[in-house]
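Have a look at the structure below before the remarks.
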Protein chains: 2
Amino acid sequence: MSADPRPRTSTRLQVEQAVRTALLTGRFIPGKAVTLRGLAKDLGVSPMPVREVIQRLAAENALEIRLNGRVQVPEMTAPRFSEILKARLLLEPELAEMALPKLGKTEASRLKELDDALDASLGSGDTEGYMFLNHAFHFEIYKAARSQILLPLTESLWLQFAPYMRTVYGRVGTSSLVDWHKEAIKAVHDRDAGALRGAIAADITEGMGMLGRRGLEAINP
Amino acid sequence: MSADPRPRTSTRLQVEQAVRTALLTGRFIPGKAVTLRGLAKDLGVSPMPVREVIQRLAAENALEIRLNGRVQVPEMTAPRFSEILKARLLLEPELAEMALPKLGKTEASRLKELDDALDASLGSGDTEGYMFLNHAFHFEIYKAARSQILLPLTESLWLQFAPYMRTVYGRVGTSSLVDWHKEAIKAVHDRDAGALRGAIAADITEGMGMLGRRGLEAINP
DNA sequence: CTTCGTAGTTTGTGATCACAAAATTTTCAA
DNA sequence: TTGAAAATTTTGTGATCACAAACTACGAAG
């Protein structure tokens with residue numbers, strides 16, 4: 001009576017998890033080439049599971065397979081950036097509102113924890129940790145929505161702007177960052193859907209606005 | 001001076017195109033198993049490119065890789081369906097509005113052609129042709145937006161509901177179908193963004209509403 | 001010093017193989 | 001006839017190989 005069919009494999013999932021968090025924390029630089037054998041060697045696996053993972057992430061537009069077959073982290077462009085902003089503003093407040101009824105005390109205190117840790121990594125200048133925790137904070141909310149559609153779409157968006165986000169942080173630092181997490185947490189406590197939507201939207205607008213102002217000045221139009 | 005680097009491969013792209021249109025025209029039935037070697041044999045290629053394509057489509061949630069590794073077309077559920085509807089209503093009117101400025105006389109007449117062919121296939125009961133043309137009509141508009149973000153997200157949504165759409169049509173026929181294509185074409189002629197958004201939204205609501213009423217009655221909740 | 005061609009290396013692609021897990025069919029006893 | 005156990009087939013996974021295209025480095029000619 002083993003009603004727990006363990007995944008038949010673990011290698012591909014492990015590789016995928018590794019590459020995803022590397023992307024989300026900005027360890028992959030936009031424009032940088034990603035080679036099959038190189039990644040495989042780094043992760044200590046054969047090229048085979050890496051091939052599948054690369055196809056997966058390319059399908060999510062998190063990686064780009066050029067016409068000549070070379071794989072690279074996509075570069076950010078101004079139209080791409082503004083479209084990501086638009087899509088985030090469409091999807092994420094909706095996701096947050098869907099999640100609100102399922103966010104109880106447990107999740108609220110978890111959000112508080114994450115936000116505290118986030119402030120700490122901001123103070124210590126730990127960019128990678130900050131990006132990881134910021135993603136964790138947002139998706140701690142979104143995941144509660146138990147969404148099978150909007151959540152994957154949003155995850156795809158994050159994979160697309162995260163590498164660029166990191167390059168900007170690397171240039172201007174993270175000290176000037178402001179977020180609306182406190183307001184979001186308060187909205188969760190108050191069960192105020194409108195306030196939660198507003199906090200999420202403001203967080204997106206502010207964060208992406210900073211990225212746009214500080215980052216896109218010297219990028220091809 | 002060969003400024004036209006032909007894709008290094010054609011096999012994977014060809015396989016992907018084949019599977020995508022098969023999905024979009026409903027030739028794959030929800031719940032039906034998709035086997036690697038089976039698909040490869042059907043398409044006359046080796047299992048290798050099929051593996052990559054399956055990973056790609058699984059990443060877009062167009063195919064489902066179960067815990068035991070088996071691949072199948074996802075089954076529709078009520079929450080999944082209502083979320084797809086919500087996501088379509090968020091993304092597609094936006095996409096249409098973005099496209100409007102770039103829809104000239106050429107595109108308008110192409111839309112008219114597609115809609116006429118669509119009516120014809122409706123009259124002859126050609127469900128597969130209808131689904132192909134309906135997809136072509138919508139994406140003739142959306143593609144004009146030259147969107148790099150919203151367009152792939154929307155394509156993913158279509159891949160997810162198309163197979164289910166087909167099973168409902170197979171049960172209740174396509175004769176009772178009504179669409180808002182004429183209104184959309186008129187809005188394009190009039191350069192009326194609000195009317196175009198409205199037509200697209202109505203087309204989605206009506207079409208999906210029919211799918212929901214006629215299809216989800218006997219499906220697990 | 002620049003430019004162009006050539007040799008060597010790296011890279012993605014498609015194919016094939018071995019293996020284990022899962023599903024399917026067959027067999028045989030109750 | 002029925003039901004469970006055993007044998008067979010099917011299936012996904014990871015590894016390796018051969019090959020052609022692309023990139024890199026280097027050197028010779030101008």
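Here is the naming used below: chain letters follow the sequence lines, and residue numbers restart at 1 for every chain. Worth saying up front: this structure is predicted, and the values here are computed from it rather than measured.
- Within the 4.0 angstrom heavy-atom criterion, only backbone atoms of the sugar-phosphate kind lie near A/Val34; the bases stay farther away.
- Residues A/Gln160 and A/Arg80 have side chains that bring a donor and an acceptor to within less than 3.5 angstrom of each other.
- In terms of modelled atom types and a separation under 3.5 Å, the side chain of B/Tyr164 and the main chain of B/Leu211 share a donor-acceptor contact.
- Nearest to the side chain of B/Asn68, among D/dG12, C/dA22, D/dT13, sits C/dA22.
- Between the side chain of A/Glu83 and the main chain of B/Gln148, a donor-acceptor pair closer than 3.5 Å is present.
- If you measure from atom CZ of A/Arg66 to atom P of D/dA21, you get 19 Å, rounded to the nearest angstrom.
- Relative to the side chain of B/Met48, the nucleotides D/dT16, C/dG14, D/dG12 differ in distance, and C/dG14 lies closest.
- Of all nucleotides listed (D/dT13, C/dG14, D/dA22), D/dT13 comes nearest to the side chain of B/Gln55.
- Where A/Arg51 and A/Gly38 meet DNA chain C, the nucleotide closest to each residue was compared, and A/Gly38 sits on the side nearer the 5' end.
- With D/dT13, C/dT13, D/dC23 as the candidates, the nucleotide lying closest to the side chain of A/Leu36 is C/dT13.
- For D/dG12, the base has a donor-acceptor partner in the side chain of B/Arg37 [N/O atoms by modelled type, under 3.5 angstrom].
- For A/Phe132, the CZ atom sits in a loose shell: 12 or fewer heavy atoms of surrounding residues, nucleotides or ligands are nearer than 6.0 Å.
- Atom pair A/Arg56:CZ and D/dT13:P shows a separation of 10 Å (rounding to whole Å applied).
- Rounded to a whole Å, the CD atom of A/Glu52 is 7 Å from the P atom of D/dG14.
- Rounded to an integer number of Å, the gap from B/Lys41 NZ to D/dG12 P is 15 Å.
- Residue B/Val71 is the one, among A/Ser46 and B/Val71, whose nearest nucleotide of DNA chain D lies closer to the 5' end (criterion: closest heavy atom).
- Distance B/Leu67 CG to D/dT11 C1': 16 Å, rounded to the nearest Å.
- As rounded to whole Å, 12 Å separates atom P of C/dG12 from atom CG of A/Leu63.
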Output, in order, the C-alpha distance, side-chain angles, deciding distance and verdict of side-chain contact (heavy atoms from CB on, under 4.5 Å) for B/Met131 and B/Met165. CA-CA 9 Å; B/Met131 291 185 64; B/Met165 196 174 179; 4.1 Å; yes
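- Comparing atom distances between the A/Pro49 side chain and each of D/dG14, C/dG12, C/dT16 picks out D/dG14 as nearest.
- Residue A/Gln72 contributes atom CD, which lies 15 Å from atom P of C/dT11 at whole-angstrom precision.
- Across the protein-nucleic acid pair, B/Arg12 atom CZ and C/dT11 atom C1' stand 14 Å apart, rounded to whole Å.
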